[in-house]
Structures are given as structure tokens and as C-alpha cells.
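Encoded as C-alpha cells, the structure appears first; notes follow it.
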Amino acid sequence: MDPAKLLALDARHVWHPYAPMPGRVEPLLVTDASGVRLRLADGRELVDGMSSWWAAIHGYRHPVLDAALAEQAGRMSHVMFGGLTHEPAIRLATKLVELTPPGLEHVFLCDSGSVSVEVAVKMCLQYWQSLGRKGKRRLLTWRGGYHGDTFHPMSVCDPDDGMHSLWRGVLPEQVFVPEPPGGFGAPVDGSYVDMLAREIEEHADELAAVIVEPVVQGAGGMRFHNPGYLRALRELTRAHDVLLIFDEIATGFGRTGALFAAGHAGVTPDVLCLGKALTGGYLTMAAALCTPEVAGGISRGELPVLAHGPTFMGNPLASAVANASIDLLLDHDWQGAVRRIETGLREGLSGAVDLPGVADVRVLGAIGVVQLDHDVDMAAATKVATERGVWLRPFRDLIYAMPPYVCTDAEVRTIAAAMTAAAAGA
Ligand SMILES: *Cc1c(COP(=O)(O)O)cnc(C)c1O
């Protein structure tokens with residue numbers, strides 16, 4: 001179909017993320033993608049600085065992932081998971097148990113990150129319900145977080161960013177503490193830890209769990225914190241009979257320089273959420289992992305099952321491509337690749353620090369962030385970046401990138417240059 005016609009139909013009928021209807025900004029029409037490049041209908045090619053929102057860590061049309069998908073499609077694309085099981089899902093669950101922090105042994109495969117957070121919350125609430133401690137049904141989190149867009153995850157997103165005022169009376173009201181002090185390498189602030197201790201102790205009787213994104217708060221503001229706060233949370237939650245959920249949907253699979261961000265802290269949460277890069281960006285799939293303590297608690301309850309079962313649970317295609325993506329990651333020097341991107345982003349963004357309107361520049365693993373002292377003019381920033389051959393998707397006051405791990409040094413330089421130019425022009 002003619003590109004102009006497609007875009008007209010898009011504007012008329014198709015919702016886009018966080019967009020009004022009809023759409024106000026024209027999205028770019030992508031015809032295909034390979035390696036780290038998106039090809040547009042007008043013939044332009046853009047280096048993808050976003051990995052399709054943290055997911056496409058190996059780039060697009062990777063021959064190994066394509067082959068895994070085709071092979072699985074030749075056997076079965078899907079089969080219900082109630083009463084049936086299959087090798088792709090069994091292998092995936094086993095692999096996730098082996099790779100994630102020790103102690104997480106049970107895996108619930110589901111459709112998307114938000115749903116895995118729903119499942120994680122359900123596990124925690126039901127755990128306390130089963131133990132007869134029915135008052136423990138609230139969650140505690142720090143501000144500046146993002147956990148997805150369905151209702152329970154929304155209730156633990158940053159209350160201002162998540163527009164909680166719009167949802168008063170609809171969203172469960174959770175306990176919020178201030179956001180963790182910024183900086184991966186900044187020393188642990190003892191007064192912040194004392195505050196965490198006070199809040200967790202005060203609310204212990206009503207708290208089912210503490211939920212946080214470890215080390216990197218993503219869509220809530222792209223902030224980094226010292227892993228020491230995670231150790232503090234682990235000790236405090238254990239001391240006060242509260243479960244701990246780590247949402248590693250964005251940070252999982254190497255992005256921060258550790259395979260899982262929990263590894264920076266050497267901490268095992270009671271429940272862990274994974275998504276995004278799980279399938280290398282090929283298909284939607286997520287997972288909630290838990291300890292035998294959590295699973296056992298639920299199974300001893302009045303309702304001895306976890307009442308959750310998405311239609312596409314354990315989807316064989318997604319499982320097969322996830323297995324291939326994880327093997328591909330582990331068969332390569334992913335740590336070297338992430339370190340190389342980290343160095344490239346640090347060097348490439350060094351010039352942005354002194355630009356007028358730039359408040360902060362920070363890099364951790366394969367994540368680069370330029371924070372402005374004002375909201376980004378999205379249309380202007382996108383135009384500047386695309387003119388430099390790069391796809392970026394800034395939000396709020398943030399111009400950021402998390403490139404596919406297969407980016408060459410030159411491509412990382414191109415991405416950093418586009419971010420700097422966008423910061424100068426937006
Ligand atoms: C993206 C994200 C989610 C939501 O995942 P979806 O697949 O978009 O539902 C939840 N938590 C974090 C930390 C995320 O980055």
C-alpha cells in the first residue's frame with residue numbers, strides 16, 4: 001500500500017503508545033529492519049538507539065533467532081498450557097532458574113511485563129492471605145518508579161508521573177517513600193536507609209511486599225542508584241515479614257553490566273519479574289519467578305493454587321526464541337560488548353555536559369542519559385536525531401539511548417552524537 005495512504009489510515013484508526021486519538025504526530029513508517037538499522041518507507045535508514053524499548057539486544061533479523069523461530073513454527077506456534085506442556089517452555093524456565101539469583105526456583109510465564117507484575121503482586125498478596133495474615137495487602141515502593149500500565153502496576157508507578165490524582169478511588173493506594181538518592185557510585189546515604197527502616201517497620205502489618213526496579217529506574221526517570229539500597233531493602237523486608245519484588249523487566253539480560261541488576265547487590269528477591277529483552281525483542285513474553293517459600297505458602301492456603309492462566313501462557317514460539325536469545329547472549333562476550341558501549345557512550349556524551357539546558361549526563365552499562373533542565377521538544381529532538389541517522393524516543397526532560405549490544409563503536413558514536421545534537425536543539 002502507498003505510504004501516504006498507510007499513514008492516513010494509521011492516524012485515523014490506530015492508537016499508539018501514550019498518544020491521543022486521532023494521532024497528532026506522524027509516526028515514521030518502518031518497512032523492515034536488520035542488524036541495528038530500521039529502514040523507513042521513504043528509503044532512509046536509522047540506527048536504532050532504543051533497542052525497541054530495551055528489547056532488541058541482538059538487533060533485528062538475527063539469523064540465529066530467525067532460525068529458532070522458523071524451526072519452532074514448523075512444529076507448533078502455540079498450544080494451550082493448561083494440562084499440556086512442551087520442551088521450549090520447560091527449557092526456558094529451567095534456564096531462567098539457573099541464571100537468576102540463587103533461590104528463585106519457580107517460573108510463571110506470561111504475556112507482557114505489566115502482566116508479570118500483576119502476577120508477582122498476586123503471588124505476594126496470596127502468600128500472606130494463605131498464611132492467615134489477611135491485613136498484608138499493600139505495597140511499598142519508592143517514587144520515580146515504573147512498573148507497567150495495567151492497574152496494579154500503575155498503582156506503584158511514580159504517583160505524579162503516573163497521574164494517580166486522575167485515578168483516585170480506582171487505584172489501590174500504596175505506600176510511597178522518596179526516590180533513592182541518585183548515582184550508582186554515590187555513597188549510601190544512611191539517613192535514607194533509616195527512613196526506609198522506619199517506613200517498613202511502621203507499615204509492616206499492612207505490607208505484602210516492597211516492589212522496586214533494582215539499580216536503574218527506567219521509564220520513571222532513568223535514574224541510577226547505589227546497589228547498597230537493595231541490600232538494605234533485603235534486610236529490612238526480611239526483618240519485618242515483608243516480601244521483596246524486583247522488577248528487572250528493563251534491567252534484565254545484561255543491560256546494566258550485570259546479567260541481572262540484583263547481581264550488583266548480591267541479593268535474591270522473593271519474586272523477580274523479567275520481560276523486554278527476554279525474547280531478544282522478537283515476541284511478547286515475560287516471567288515472574290519466585291522462591292519455594294512463596295510458592296509453598298500459596299499452595300498451603302485455603303485456595304491452594306495461583307489463579308492465573310493467560311491464554312498464551314508459555315507460548316512455544318516466544319519460548320523458543322527466548323531460549324535462542326539467551327544462548328546467543330551467553331555464547332558471546334556480552335559483558336565486553338556492554339562495557340564497550342558504556343565507554344563509547346561516556347566518550348560520545350562528554351560534550352553534552354557543558355551544553356546550555358543540560359542538567360545531567362549519566363551512563364551505566366549500555367544505557368546513556370542526557371537530562372535537560374526543561375521538557376524536551378519531542379518533535380524537534382526526533383527531527384535532529386533522524387537527520388543524523390539515529391532513532392531516539394525522548395520523553396519528559398530525557399534524551400536517552402540503550403543501543404543493541406551488537407552496535408559497532410562507530411554506531412555508538414553516531415548515537416551519542418545524535419543525542420548531543422538533539423540536546424543542543426531541543
Ligand atoms: C516496560 C516495563 C514494564 C512493563 O512491561 P510491558 O511489557 O510494557 O507491559 C514494567 N516494568 C518495567 C521496569 C518496565 O521497564
Side-chain angles (χ1 to χ4, degrees), residues 15-19 50-57 100 108-124 139 141-159 161-162 171 174 179-180 209-225 227 229-230 233 244-256 258 260-262 264 269 271-289 308 310-313 315 318-319 321-322 325 364-367 369 393-396 398 400-402:
W15 283 104
H16 283 268
Y18 310 105
M50 304 301 291
S51 299
S52 281
W53 274 336
W54 312 84
I57 51 176
T100 52
F108 193 102
L109 297 170
C110 55
D111 324 61
S112 73
S114 301
V115 174
S116 76
V117 174
E118 298 280 7
V119 169
V121 170
K122 192 185 272 191
M123 283 175 174
C124 294
L139 303 170
T141 188
W142 47 41
R143 288 175 175 262
Y146 176 78
H147 298 283
D149 292 339
T150 59
F151 278 90
H152 240 108
M154 250 189 352
S155 76
V156 282
C157 287
D158 183 80
D161 229 32
L171 288 183
Q174 314 293 15
E179 52 195 29
V210 169
I211 177 169
V212 296
E213 294 157 277
V215 178
V216 176
Q217 293 183 289
M222 301 299 297
R223 299 173 80 256
F224 312 147
H225 55 258
Y229 297 113
L230 306 170
L233 283 178
L244 180 61
I245 305 172
F246 281 173
D247 176 349
E248 293 228 28
I249 293 165
T251 51
F253 303 102
R255 185 54 71 178
T256 68
F260 298 98
H264 288 295
V271 183
L272 176 73
C273 295
L274 300 174
K276 291 198 160 108
L278 173 60
T279 63
Y282 267 55
L283 284 168
T284 177
M285 176 176 254
L289 284 81
H308 209 99
T311 306
F312 288 98
M313 185 165 179
N315 176 259
S319 298
V321 79
S325 174
L364 178 68
I367 309 168
V369 183
R393 182 74 175 162
F395 72 100
R396 228 167 61 193
L398 300 162
Y400 71 116
M402 52 282 190

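Counting starts at 1 for both ligands and their atoms, following the listed order. We number each residue from 1, following the sequence as shown.
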Going by atom types only, do Asp161 and Tyr146 share a side-chain donor-acceptor pair under 3.5 Å?
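The answer is no; no qualifying pair exists.
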Over 60° means perpendicular and under 30° means parallel, so tell me whether Trp53 and Tyr18 are parallel, tilted or perpendicular.
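Ring orientation of Trp53 relative to Tyr18: perpendicular.
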Polar contact flag for Asp247 and ligand 1 (N/O pairs, less than 3.5 Å):
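Yes, at least one N or O pair falls under 3.5 Å.
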Nitrogen or oxygen of Ile249 less than 3.5 angstrom from that of ligand 1
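No; the residue has no nitrogen or oxygen that sits under 3.5 Å from a nitrogen or oxygen of the ligand.
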With atoms numbered from 1 as shown, which atoms in ligand 1 lie under 4.0 angstrom from a non-hydrogen atom of [X]?
X	result
Gly148	4 (C), 10 (C)
Ser114	4 (C), 5 (O), 6 (P), 9 (O)
His147	10 (C), 11 (N)
Glu213	13 (C)

Answer whether the closest heavy-atom distance between the side chains of Leu274 and Phe253 falls below 4.5 Å.
yes
Kindly check if the number of other-residue, nucleotide or ligand heavy atoms within 6.0 Å of CZ (Arg396) is above 12?
yes
With a heavy-atom distance limit of 4.0 Å, tell me whether Trp53 approaches ligand 1 through its side chain, its backbone, both, or neither.
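Neither; nothing of Trp53 gets under 4.0 Å from ligand 1.
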Looking only at non-hydrogen atoms, which of Lys276, Glu248, Met285, Gln217 approaches atom 2 (C) of ligand 1 most closely?
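Heavy atom nearest to atom 2 (C) of ligand 1 belongs to Lys276.
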Take His152 and His147 through the side chain to side chain contact (heavy atoms under 4.5 Å, CB included) test and state the conclusion after the steps.
CA-CA 9 Å; His152 240 108; His147 298 283; over 6 Å; no
Spatial distance of atom CZ (Phe260) from atom CZ (Phe246) [nearest 0.5 Å]
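One finds 13.0 Å between CZ of Phe260 and CZ of Phe246.
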Just verifying a value: how many Å separate Met285 CE and Phe312 CZ, rounded to the nearest 0.5 Å?
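Result: 11.5 Å between the selected atoms.
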Among all protein heavy atoms, pick out the one at the shortest distance from atom 5 (O) of ligand 1; state its residue, atom name and that distance to 0.1 Å.
Gly113 CA, 3.2 Å
